[in-house]
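Only a predicted model underlies this, so the values are computations on that prediction, with no experimental measurement involved. Order of the sequence lines sets the chain letters (A, B, ...), proteins ahead of strands, with each chain counted from 1.
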Number of protein chains: 2
Amino acid sequence: MVKKLKDASAEERILTAAKKVFLAKGMSGARMQDIADEAGINKALVHYYFKNKEQLFEKIFMELSTSFFPKMVAIFASPDSLKKKIESFCSAYIDNILDNPHIPLFVLNEISQRPATFIKKVLKVSPLNMAFMSQQIDAEIKAGNIKPISAVQLMMNVLSMCIFPFIGKPILMNIMKLDEGVFRQLMEARKREIPKFIFDSIKK
Amino acid sequence: MVKKLKDASAEERILTAAKKVFLAKGMSGARMQDIADEAGINKALVHYYFKNKEQLFEKIFMELSTSFFPKMVAIFASPDSLKKKIESFCSAYIDNILDNPHIPLFVLNEISQRPATFIKKVLKVSPLNMAFMSQQIDAEIKAGNIKPISAVQLMMNVLSMCIFPFIGKPILMNIMKLDEGVFRQLMEARKREIPKFIFDSIKK
DNA sequence: GTCTATAACTCGATAGAC
DNA sequence: GTCTATCGAGTTATAGAC
């Protein structure tokens with residue numbers, strides 16, 4: 001049975017609140033008081049359930065980063081063609097980010113803040129081996145199916161075009177005179193536009 | 001006459017130190033003590049030259065954001081062909097970021113934190129009108145020089161591919177097994193690879 | 001202009017009543 | 001399990017000596 005938010009346990013309400021506050025303000029900008037207020041409970045209770053801010057943050061960070069580094073393995077390790085994989089990835093990944101557009105900036109910012117602390121933890125939970133994908137690209141080139149291109153450059157292009165618009169969203173909306181609705185439509189369209197753009201570039 | 005850092009005035013040393021500390025930790029993570037230490041002076045002196053943290057931050061933020069939103073106007077408003085402009089932009093802009101690779105994440109993060117506060121200020125100093133560029137793309141399509149593509153999507157692709165690798169640098173280096181030197185080489189190569197990738201895609 | 005000392009305040013964390 | 005009250009460390013900012 002699905003509980004309403006107000007009926008959720010204190011612990012669940014804290015986690016939901018912490019996710020919202022950390023996403024919006026980051027580790028150093030978030031306040032335990034903000035989280036308690038957002039959860040509608042007392043600050044002391046946050047410490048009752050989670051020993052300290054760091055531990056609560058890490059729990060939220062791991063949860064959010066597994067969303068940002070999703071089960072790409074499933075897509076990338078599949079036996080599909082390169083084209084199919086890139087199409088699947090762009091579509092699934094943009095859909096994924098559309099559900100919570102603040103995750104990319106949050107995750108990349110916190111990782112940049114403390115790479116030694118987080119990169120290993122993140123990649124342990126979401127192993128992201130690009131070697132197979134890289135080999136497949138090289139194989140397609142060798143087979144004469146696509147034009148020569150550096151596999152790393154191509155993978156950077158895919159990731160860049162899918163993720164960056166969400167990171168630069170406020171400024172992009174402003175300089176390109178977009179409103180919230182149009183921005184969303186553009187991102188929906190990118191699920192098809194990016195693969196098209198890529199294969200127009202590398203097809204022979 | 002160019003002064004050495006140690007000989008620079010206290011005010012200059014504070015600005016240099018503040019730039020370094022804010023870039024590394026952001027507004028909420030930076031400490032006035034960090035800045036004083038980095039400048040090799042007393043904390044009180046920072047307040048003597050700059051009334052408070054907010055004012056010092058804003059000065060640094062404006063300086064760094066004018067580097068992030070550079071004189072694109074000069075490039076975009078030039079009478080050059082679309083191809084020439086995109087080549088010029090990628091080359092100049094990637095060179096620009098290579099000089100201080102932490103600027104993009106810093107600027108985009110602080111803007112996301114307080115869009116209402118900063119977007120107007122930033123765009124007042126660095127007016128970024130994409131309308132002309134957009135019109136030129138549409139004109140090239142109409143003239144039959146390039147394939148049909150949404151101008152906004154194309155501009156997003158250019159910006160994404162130039163900027164994103166610097167934002168995702170720690171994680172990209174890790175999942176693609178790159179070291180610092182190889183990363184730099186890849187970015188140097190992108191100055192040419194991105195325009196090539198784009199025009200392979202949209203040329204007829 | 002630069003420093004020491006400290007006031008004023010914020011915030012994470014704990015003690016202890018219920 | 002949840003609350004009120006408060007401690008104590010850390011931080012911004014100021015006062016005042018030199």
Query raised in the report: Counting just side-chain N and O atoms, does B:His47 come under 4.0 Å of either OP1 or OP2 of D:dT14?
Result: no
**Report entry** side-chain contact (heavy atoms from CB on, under 4.5 Å) against A:Ala17, all qualifying residues, sequence neighbours excluded
**Finding:** A:Ile35, A:Glu38, A:Ala39
**Report entry** Test side-chain contact (heavy atoms from CB on, under 4.5 Å) applied to B:Lys196 - qualifying residues, sequence neighbours left out
**Finding:** B:Asp200
Requested in this report: Provide the full list of ring pair (Phe, Tyr, Trp, His ring centres under 6.0 Å) pairs with a residue in residues 20-45 of chain B, sequence neighbours left out, each pair given once.
Outcome: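 Listed once each, the pairs are B:Phe22-B:Phe57.
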Donor-acceptor list for residues 158-175 of chain B side chains, cut-off 3.5 Å, not counting sequence neighbours:
from     : atom 1 : to       : atom 2 : distance (Å)
B:Ser160 : OG     : B:Met156 : O      : 2.6
B:Lys169 : NZ     : B:Glu180 : OE2    : 2.5

Result block: side-chain N/O donor-acceptor pairs under 3.5 angstrom for residues 103-111 of chain A, not counting sequence neighbours:
from     : atom 1 : to      : atom 2 : distance (Å)
A:Glu110 : OE2    : A:Met27 : N      : 2.9

Report task. Would you please name every residue forming a salt bridge (Lys or Arg N to Asp or Glu O under 4.0 Å) with B:Lys83, sequence neighbours left out? Result -> none
Rounded distance in Å - [atom1] ([X]) to [atom2] ([N]):
X       : N      : atom1 : atom2 : result
B:Gln55 : D:dT14 : CD    : P     : 11 Å
B:Lys53 : D:dG10 : NZ    : C1'   : 12 Å
B:Asn52 : D:dT11 : CG    : C1'   : 13 Å

**Report entry** Within residues 41-55 of chain A or reaching into it, pairs that qualify as salt bridge (charged side-chain N to carboxylate O under 4.0 Å, His left out) - sequence neighbours excluded
**Finding:**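 Sorted result for residues 41-55 of chain A: A:Glu54-A:Arg114.
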Query - Pairwise salt bridge (charged side-chain N to carboxylate O under 4.0 Å, His left out) hits with a residue in residues 156-168 of chain B, at least two apart - result: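 For residues 156-168 of chain B: none.
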Query - Gap between atom NZ of B:Lys177 and atom CG of B:Asp179 - 0.5 Å precision - result: 13.0 Å
Using distance only, find each side-chain donor-acceptor pair of residues 130-138 of chain A under 3.5 Å and give its atom names and separation, not counting sequence neighbours.
from     : atom 1 : to      : atom 2 : distance (Å)
A:Gln136 : OE1    : A:Lys85 : NZ     : 2.7
A:Gln136 : NE2    : A:Asp80 : O      : 3.1

Query raised in the report: Using the C1' atoms of the five pairs at each end, what is the angle between the end axes of the helix from C:dG1-D:dC18 to C:dC18-D:dG1, to 10°?
Result: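 Computed angle between terminal axes is 10°.
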Requested in this report: Mind running a 4.0 Å heavy-atom check of residues 25-33 of chain B against DNA chain D and sending the residues that fall below it, in number order?
Outcome: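 Listed by number, they are B:Ala30, B:Arg31, B:Met32.
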Show the distances under 3.5 angstrom between N or O atoms of the protein and N or O atoms of nucleotides 1-5 of chain C.
from  : atom 1 : to      : atom 2 : distance (Å)
C:dG1 : OP2    : B:Tyr48 : OH     : 2.6
C:dT2 : OP2    : B:Tyr49 : OH     : 2.8
C:dC3 : OP2    : B:Asn42 : N      : 3.1
C:dT4 : OP2    : B:Asn42 : ND2    : 3.0

